[in-house]
Q: 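Let me give you the structure first, and then I'll get to my questions.
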Amino acid sequence: MKKSSAATPPRTPAKKSSKKKTAKTSTVKSSPSARKSSPVPQVHSIDWKAELAAALSSAAGVPVEQAAGSLMPPSTPVADWCSNLAFSVAKEKKTNPAKLSAEWASSPNAKWPSFISKVEAVGPYLNFHFASSFWTALLSQAVSSPSWGKGEPKAAKVLVEFPSVNPNKPWHVGHLRNALLGDSIARLLGASGRTAERMDYIDDLGLQVAQSVWGKQKLAGVQPPAGSPFATKLDHQLGWQYVEVAKKLADPQVEEEVRSLLKQVEEGHEPIASSARALVESCVKAQYQTAFSFGIYHDALIFESDVIRTIFKEGLNKIISSGMAVKETEGKNAGCLVVRLADQPEFAGMENADKILVRSDGTATYTGKDVAFQLWKFGLLQDKFVYSPFMVQPNGQTAYKSSRSGDPFPFARAQAVVNVIGAEQAYPQKVIAAVMRKIGYKTQAAACIHLAHELVVLPEGRFSGRAGTWMSGEKGGPGFTADELLHEMKQLAIEKITAENYSAEEKQIIANGVAVASIRFWFLRPSAMQKITFDYEKALSFSGDSGPYIQYAYARAGRIMEKAEEAGIAAKLPPADYVFNEKEIALLRLLLRWPSAVEHAASKYQVHPIADYALDAAGKFNEFYTTTPVLGEKAGGHSSSRLMMVAASRALLGQSMDILGLPRLEKM
RNA sequence: GGGCCCGUGACUCAGCCUGGAUAGAGUGCCUGCCUUCUAAGCAGGAAGUCGGGAGUUCAAAUCUCCCCGGGCCCGCCA
């Protein structure tokens, strides 16, 4: 039952993913530096938006809510903040909005907050400029508190499932997109203060597994070309064998043998059942090597055989006892357990809205299994799973797997469930939520989030695991597996390093980091619903709007700080009379909006706005970098103040990079 | 038949949910800038009927309806 269709993710440096072992619940970390009393006002400890709204409210004589609703960042860099209140008031009073704004700007009733240095009417708009002390306070917080910009810790746990790739082949670029989305969403949720748990669903039953077992036994000679750097990687070997098996299936004898294997696997006959599970786990481990190379990690792997053995029946009973599932006695679905959905609005227009959960032969459909699994994710079933360690990941955390023996862990039991799955599977995902709603779990049904994404395709069409369209073609070029893409990218990145003084080891680290960032960014920048046509030419570029562009800005900032330290210059808050230049103001405005940008993106389960934000921040920093000397005589004695800008910019860039999984490189 | 998604300069995409100030980037093309903190960069230029039409509104890329083009979904498949 594989659900995700494609897309794979890039790697990220494992931040603190919520490891499970749980119960040790999170200690709320209070950042000491943020707490200690600071000589400057704390920008985010005062609700500046509320203060501004209150002042505007009295200046214009409108309710506070109306004033607050009119405040926004300007679309062009004409001011720090603005209001379009005059439009709506002018309409009510049938007068000229520009005139109103002009009146409010100089209204004697207005008591503008002290952090506002200037209020001006520009046409119908009311524009606000913040005082230097406001910006200084913001800088102080951004630099002194490591948790600055992170959301307030929230109690709710969000479970994110991805990528659920069948364990019989290597990840192709489509699986990579899915995994990158899942990984980055989990990072984003974490940055917003939520607890994200990363789960993978492994289909260790089914035809493909039987085919893999058969292929492993009979087609050991079928392998990727010897020249391939991945010729000995198990997932690649199985993938090549799988394509071969698919061709041979036309032979009745082969078909018969595979079918027999399938029966033994599904019925748990030994020794086949155990060796099949072992093969599956080995393949997943090989796939996870790919994941790790992109910085993708998991907390728990749930195997389908364990779902069937442990929770499926209970989930089904829950639906049956609610009276919402019935066994058909006649008609084309006779003998099947079905749930009727015709009364649900989203299925209204369907010819037949009945959905089969259990077939007439007693086996579960995909949807049937998924509904039970989803109930478990929300903690609505007795949790009978036990887990054992699957592997220790490079980020130091152990990924656990469901198994026959082991210990219980409080995985799942989530308040919201995000399934990262291709948009093509929107219908079955709706069925899951609809069934939950029907049996009475309305809150949970509303918290079923299908994070849908479009596929990665080739100019000639979609990928097919069976047809092997992911393999290198006859042209002999690289194939479309995630491993090959990263390999190609590293080659290019290495060539791009021209600095003479880097050691071979440094070059490797840089090339790897650049390759990962480039690929991750390439997949994460467009919105998830945008189809991506894979093209090596375009994927392999790293200038302009790209991951390396962001890394470059970050590295530049790092070098300035390094040189400052060598010179013994420390960052200090700008003095009261410091005048921020235009480039500095641009950076400060981005800094100001960052926390709400994170929360907004997280609440919508969208990663791509963060990619845009990071690009914007990198661009603004590069402008600052080229126009504003920080060190040396040209800095005109402002080195310490400007170093503060550099440090804050670096913090902002770093946080956005962590969410996107772009490795923080100190040098490039 | 019913439903979902995409359609913005030559190309690839943001912006649409929460309507407002000259529609933003990048690539490609044309011009400049490395004796000064990394040129994987910066500055500037040419390039756009925001698929089409109607409607709502003081104001529409953004909201509503219809249409066109492309993709996907509506199985006792997985």
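Letters A, B, ... mirror the listed sequences (proteins, then strands); counts begin at 1. Both backbone and side-chain heavy atoms feed into the values below; hydrogens, waters and symmetry mates do not.
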Q: Considering only the C1' atoms, how many Å lie between B:G45 and B:G51, rounded to the nearest integer?
A: 29 Å

Q: Nearest whole Å is fine: how far is B:A59 P from A:Lys94 NZ?
A: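 Whole-Å distance recorded here is 13 Å.
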
Q: Figure out the CD/C1' separation between A:Glu266 and B:A78, and round it to whole Å.
A: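 Answer to the nearest Å: 11 Å.
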
Q: Among the candidates B:A40, B:C13, B:C58, find the nucleotide nearest to the side-chain atoms of A:Pro526.
A: B:C13

Q: Taking atom C1' in both B:A47 and B:U64, compute the distance separating them and give it to the nearest angstrom.
A: 33 Å

Q: Using Watson-Crick and G-U wobble pairs with both distances under 3.5 Å, what is the 5'-to-3' dot-bracket string of RNA chain B, with [ ] for crossing pairs and | for pairs outside the strand?
A: (((((((..((((......[...)))).(((((.......))))).....(((((..]....))))))))))))....

Q: Expressed in whole Å, how much space separates the C1' atoms belonging to B:G15 and B:A60?
A: 14 Å

Q: Establish, yes or no, whether a centroid distance under 6.0 Å links the rings of A:Tyr549 and A:Tyr552.
A: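 Between A:Tyr552 and A:Tyr549, which both carry aromatic rings, the centre distance is not below 6.0 Å.
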
Q: Need to verify one output field. Residue with the more 5' nearest nucleotide on RNA chain B, A:Val514 or A:Asn352?
A: A:Val514

Q: Send over the distance from A:Tyr625 OH to B:C37 P, rounded to a whole Å.
A: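 Nearest whole value for this atom pair: 7 Å.
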
Q: Determine whether the aromatic ring of A:Phe87 stacks with the base of B:A59, defined as ring centroids separated by less than 5.5 Å and ring planes inclined by less than 30°.
A: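 It does not: the ring fails the test against the base of B:A59.
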
Q: What does A:Ser527 touch in the nucleic acid at a heavy-atom separation under 4.0 angstrom: a base, only the sugar-phosphate, or nothing?
A: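 If one applies the 4.0 Å heavy-atom cut-off, A:Ser527 turns out to touch the sugar-phosphate alone, with no base involved.
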
Q: To the nearest Å, how far apart are A:Asp545 CG and B:A40 C1'?
A: 13 Å

Q: Take atom CG of A:Asn96 and atom P of B:G20, then tell me their distance rounded to the nearest Å.
A: 20 Å

Q: Choosing from B:A40, B:C76, B:C42, which nucleotide comes nearest the side chain of A:Thr626?
A: B:C42

Q: Rounded to the nearest Å, what distance is computed from the CD1 atom of residue A:Ile356 to the P atom of nucleotide B:G75?
A: 9 Å

Q: Counting only side-chain heavy atoms from C-beta out, which of B:U18, B:C58, B:C6 sits nearest to A:Lys604?
A: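 Closest nucleotide among those given: B:U18.
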
Q: If you check every side-chain atom of A:Ser543, which of B:U18, B:C6, B:G41 has the closest atom?
A: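 Comparing B:U18, B:C6, B:G41 against the side chain of A:Ser543, the answer is B:G41.
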
Q: If you measure from the P atom in B:G3 to the same atom in B:C65, how many Å do you get, rounded?
A: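 B:G3 and B:C65 have their P atoms separated by 11 Å.
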
Q: For B:C11, does the base pair up with any side-chain atom of A:Lys538 as donor and acceptor (N or O, under 3.5 Å, distance only)?
A: no

Q: On RNA chain B, check which nucleotide each of A:Ser88 and A:Trp522 is closest to and give me the residue with the more 5' one.
A: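 The residue closer to the strand's 5' end, by nearest nucleotide, is A:Trp522.
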
Q: Once you apply a heavy-atom cut-off of 4.0 Å, does A:Leu357 come out as touching a base, just sugar-phosphate, or nothing?
A: nothing

Q: Take A:His450 and A:Gln425, measure what side-chain hydrogen bond (donor to acceptor under 3.5 Å, both in side chains) needs, and give me the verdict at the end.
A: CA-CA 9 Å; A:His450 174 199; A:Gln425 294 189 55; over 6 Å; no

Q: Using a cut-off of less than 4.0 Å, is there contact between a side-chain N or O of A:Ser75 and OP1 or OP2 of B:A21?
A: yes

Q: With sugar-phosphate meaning primed atoms plus P, OP1 and OP2, does A:Ala334 contact a base, only sugar-phosphate, or nothing at under 4.0 Å between heavy atoms?
A: base

Q: Please check if the number of heavy atoms outside A:Glu351 that lie under 6.0 Å from its CD is greater than 12.
A: no

Q: Is it true that A:Lys667 and A:Glu562 have a side-chain N and a carboxylate O under 4.0 angstrom from each other?
A: no

Q: Below the 4.0 Å mark, does B:C42 have OP1 or OP2 next to a side-chain nitrogen or oxygen of A:Asn622?
A: yes

Q: Do A:Trp522 and A:Phe534 have their ring centres less than 6.0 Å from each other?
A: yes

Q: Counting only side-chain nitrogens and oxygens, does A:Lys563 get under 4.0 Å of the OP1 or OP2 atom of B:U38?
A: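 Result: yes.
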
Q: Can you check whether any acceptor in the base of B:C76 is under 3.5 Å from a donor in the side chain of A:Ser360, or vice versa?
A: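 Yes, the side chain and the base share a sub-3.5 Å donor-acceptor pair.
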
Q: What's the closest nucleotide to the side chain of A:Thr76 if the choices are B:G20, B:G3, B:U22?
A: B:U22

Q: Expressed in whole Å, how much space separates the P atoms belonging to B:C4 and B:C67?
A: 13 Å

Q: How about A:Glu582: does its CD atom have over 12 heavy atoms from other parts shown lying under 6.0 Å from it?
A: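 Atom CD in A:Glu582 is not packed in, count stays at 12 or less.
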
Q: Answer yes or no: does atom NZ of A:Lys263 have more than 12 heavy-atom neighbours from other residues, nucleotides or ligands under 6.0 Å?
A: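 Result for NZ/A:Lys263: open.
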
Q: Side chain of A:Gln530 only, please: which of B:C6, B:C37, B:A40 is the nearest?
A: B:C6

Q: Just to confirm, is there a sub-4.0 Å distance from OP1 or OP2 of B:A39 to any side-chain nitrogen or oxygen of A:Arg556?
A: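 A:Arg556 to B:A39 OP1/OP2: side-chain N or O found under 4.0 Å.
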
Q: Apply the ring-ring contact (aromatic ring centres under 6.0 Å, His included) test between A:Tyr201 and each candidate in A:Phe303, A:Phe373, A:Phe162; give the one that qualifies.
A: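 Testing A:Tyr201 for a ring-ring contact (aromatic ring centres under 6.0 Å, His included) against A:Phe303, A:Phe373, A:Phe162 leaves exactly one candidate, A:Phe373.
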
Q: Identify whether any heavy atom of A:Ala353 sits under 4.0 Å from a base atom; if not, whether one sits that close to sugar-phosphate; answer base, sugar-phosphate or nothing.
A: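 Nothing, no heavy atom under 4.0 Å.
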
Q: Look at atom CZ of A:Arg466 and say whether more than 12 heavy atoms of other residues, nucleotides or ligands are closer to it than 6.0 Å.
A: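 12 or below, so no.
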
Q: Looking at the side chain of A:Tyr552, which of B:A40, B:C76, B:C72 is the nearest nucleotide?
A: B:A40

Q: Picking from B:G7, B:A78, B:A40, which would you name as closest to the side chain of A:Phe542?
A: B:A40

Q: From NZ of A:Lys531 over to P of B:C72, roughly how many Å is that when rounded to an integer?
A: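 After rounding, the gap between these two atoms is 7 Å.
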
Q: Counting only side-chain N and O atoms of A:Tyr427, is one of them less than 4.0 Å from OP1 or OP2 of B:C73?
A: no

Q: Give A:Pro74 one of three labels, base, sugar-phosphate or nothing, depending on what nucleic acid heavy atoms sit under 4.0 Å from its own.
A: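 Contact class for A:Pro74: base.
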
Q: With respect to the side chain of A:Tyr502, which nucleotide from B:U38, B:C13, B:A21 is positioned closest?
A: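 Ranking B:U38, B:C13, B:A21 by closest atom to the A:Tyr502 side chain puts B:U38 first.
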
Q: Quick one: pull up CG in A:Leu540 and CG in A:Leu485 and give me the separation to the nearest 0.5 Å.
A: 6.5 Å

Q: When the distance from NE2 of A:His600 to C1' of B:C16 is rounded to whole Å, what number comes out?
A: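 Rounded to the whole Å, the gap is 12 Å.
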
Q: Looking only at atom P, what distance separates B:C6 and B:A10, rounded to whole Å?
A: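 Their P atoms lie roughly 22 Å apart.
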
Q: With respect to A:Val209, which candidate in A:Val280, A:Leu262, A:Leu261, A:Asn168 satisfies the side-chain contact (heavy atoms from CB on, under 4.5 Å) definition?
A: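 For A:Val209, the side-chain contact (heavy atoms from CB on, under 4.5 Å) test succeeds with only one of A:Val280, A:Leu262, A:Leu261, A:Asn168, which is A:Val280.
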
Q: Where does B:C34 land, syn or anti, once you apply the within-90°-of-0 test for syn?
A: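 That one's syn.
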
Q: Which of these nucleotides, B:A78, B:C73, B:C6, is closest to any side-chain atom of A:Gln208?
A: B:A78

Q: When you compare B:C13 with B:C63, how far apart are their C1' atoms, in angstrom units rounded to a whole number?
A: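 It works out to 24 Å between them.
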
Q: Please state whether the phosphate of B:G15, meaning OP1 or OP2, lies under 4.0 angstrom from any side-chain nitrogen or oxygen of A:His608.
A: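 Result: yes.
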
Q: Quick check on B:C42: is either OP1 or OP2 less than 4.0 Å from any side-chain nitrogen or oxygen of A:Tyr549?
A: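 For B:C42, OP1 or OP2 has a side-chain N or O of A:Tyr549 closer than 4.0 Å.
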
Q: B:G41 and B:U49: how far apart are their C1' atoms, nearest whole angstrom?
A: 36 Å

Q: Applying salt bridge (Lys or Arg N to Asp or Glu O under 4.0 Å), run through A:Arg462 and A:Glu454 and close with a yes or a no.
A: CA-CA 11 Å; A:Arg462 303 171 60 159; A:Glu454 268 301 339; over 6 Å; no

